[in-house]
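Let me begin by presenting the structure, written as structure tokens, before commenting on it.
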Amino acid sequence: MKKPLLTLTALAGLSLGVAAPASAASTHTVQSGDTLYRIAVNNNVSVNDIKQANGLNSNMIYPNQVLKLGKAEAKSQASTASKTYTVKSGDTLYRIALNHGVSVNQLMTWNGLDSDLIFPGQEFAVKGAAAASVANDAKTTTPKTSTSAPVTKTASSTTQTQAPASGQTMTVEATAYTPYCAGCSGITATGIDVRSNPNQKVIAVDPSVIPLGSKVWVEGYGEAIAGDTGGAIKGNKIDILMPTQEQALAFGRQSITIKVLN
């Protein structure tokens, strides 16, 4: 379906970068192309440390914004940091795992999860020592019925959270869109009805680069179908289907790795 490219002044989410030695500066002035993840890696702190130090409620940042790095505080809190995490709207297991330096499989094992469906308000053990306590609480506490919409699934299988061994590897610029974006019909270029199931894994591609119908592994997203096109999607660019606008905005614009599987 034809749709405008989701443009964002705020760039957020995960972005590939080479970790650099931690800077001694206690603040960082946001540059064009920066993400919280890259800033955190380059300054040896976590995304949560930066968000807490600056009172941020989302991953959105702006060029020329001055961020406190909270390094000293982060180090002093390292031994006393909370070993549990409460799921917020827009969270995924992949993002929670990344922000706490653990794997998706560890989170699922520690918290007795047999699927990757998570809900806002859930409390997760994010360190091994807390797992037993959370697991015991889960057994003795009657689960609350959640009226909130489930957080978008993050792939839990090896083929989705880890790059497949085979396939054509590419680095692309990725943005995100929703089934209800302005100008979108809800039906993709290949006839997929994404409004009937917004959790489908679909990406828009340039068919001259990635043939429509191809299976594509997308870093941080999982295995998707190249099932759509877009006026601004030319060359090594893709647009990733997200269930909600909040998640599309949080994803922002990223340079990521993909593998074309067929």
Side-chain angles (χ1 to χ4, degrees), residues 1-15 35-37 56-62 87-96 115-122 146-156 160 172-207 209-256 258:
M1 56 184 165
K2 292 184 179 180
K3 54 193 177 302
L5 179 66
L6 181 63
T7 58
L8 301 169
T9 302
L11 300 180
L14 307 178
S15 180
T35 65
L36 283 183
Y37 176 73
L56 300 178
N57 295 320
S58 73
N59 288 338
M60 290 186 181
I61 55 177
Y62 303 86
V87 178
K88 300 178 179 61
S89 178
D91 276 344
T92 65
L93 282 181
Y94 179 85
R95 180 171 296 176
I96 295 170
S115 78
D116 48 21
L117 190 64
I118 60 176
F119 297 89
Q122 275 184 294
S146 173
T147 57
S148 302
V151 176
T152 307
K153 290 185 177 183
T154 295
S156 59
Q160 290 179 314
V172 298
E173 182 180 281
T175 50
Y177 72 106
T178 76
Y180 295 92
C181 59
C184 296
S185 65
I187 304 296
T188 73
T190 58
I192 302 171
D193 183 355
V194 291
R195 289 185 180 176
S196 66
N197 181 6
N199 289 315
Q200 294 179 88
K201 298 295 182 72
V202 177
I203 60 173
V205 300
D206 181 344
V209 178
I210 302 173
L212 287 173
S214 299
K215 290 183 180 180
V216 183
W217 175 86
V218 181
E219 179 186 3
Y221 184 68
E223 188 175 305
I225 294 295
D228 208 355
T229 59
I233 307 304
K234 302 297 182 184
N236 281 28
K237 293 183 179 180
I238 65 171
D239 213 5
I240 298 175
L241 179 70
M242 295 287 182
T244 68
Q245 185 171 356
E246 179 186 31
Q247 289 167 318
L249 290 171
F251 183 87
R253 185 187 302 272
Q254 306 178 29
S255 177
I256 61 175
I258 66 171

- Message: Using 0.5 Å steps for rounding, measure from the OG atom of S214 to the CD1 atom of I258.
- Response: 9.5 Å
- Item | Pairwise distance CG(L241) to NZ(K201) - rounded to 0.5 angstrom | 10.0 Å
- Message: Run the side chain to side chain contact (heavy atoms under 4.5 Å, CB included) test against K234 and tell me which residues pass, sequence neighbours left out.
- Response: D206
- Calculate, to the nearest 0.5 Å, the distance between atoms CD1 and CD1 belonging to I203 and I238 respectively. 4.5 Å
- OG of S185 to CZ of R195: how many Å apart, nearest 0.5 Å? 6.5 Å
- Task: Could you pull out the closest heavy-atom pair between M242 and P179, with the gap in Å?
- Result: O-CD, 3.4 Å
- Message: Does any part of the side chain of I61, heavy atoms only, come nearer than 4.5 Å to the side chain of L36, both counted from C-beta?
- Response: yes
- Message: To the closest 0.5 Å, what do you measure between CD1 (I187) and CG (D228)?
- Response: 10.0 Å
- Does any non-hydrogen side-chain atom of V216 lie less than 4.5 Å from one of I210? yes
- Nearest non-hydrogen partners of T229 and A189, listed with the distance: OG1-CB, 3.7 Å
- Would you check if the side chain of E219 reaches a backbone N or O of S255 as a donor-acceptor pair within less than 3.5 Å? no
- Note on the structure: Closest heavy-atom pair, D239 versus I233, reported as atoms and distance to 0.1 Å, is CB-CD1, 3.8 Å
- Item | Inter-residue atom distance E246.CD - S58.OG, 0.5 Å rounding | 8.5 Å
- Task: Indicate yes or no: at least one non-hydrogen side-chain atom of V172 is less than 4.5 angstrom from one of V205.
- Result: no
- Do the non-hydrogen side-chain atoms of V209 and N236 ever get within less than 4.5 Å of each other? yes
- Heavy-atom closest pair (I240 atom, A174 atom, distance to 0.1 Å) is CD1-CB, 4.1 Å
- Heavy-atom closest pair, residues R253 and T175: NH1-CG2, 3.7 Å
- Which heavy atom in V202 sits nearest to a heavy atom in Y221, and how many Å separate them? N-OH, 3.2 Å
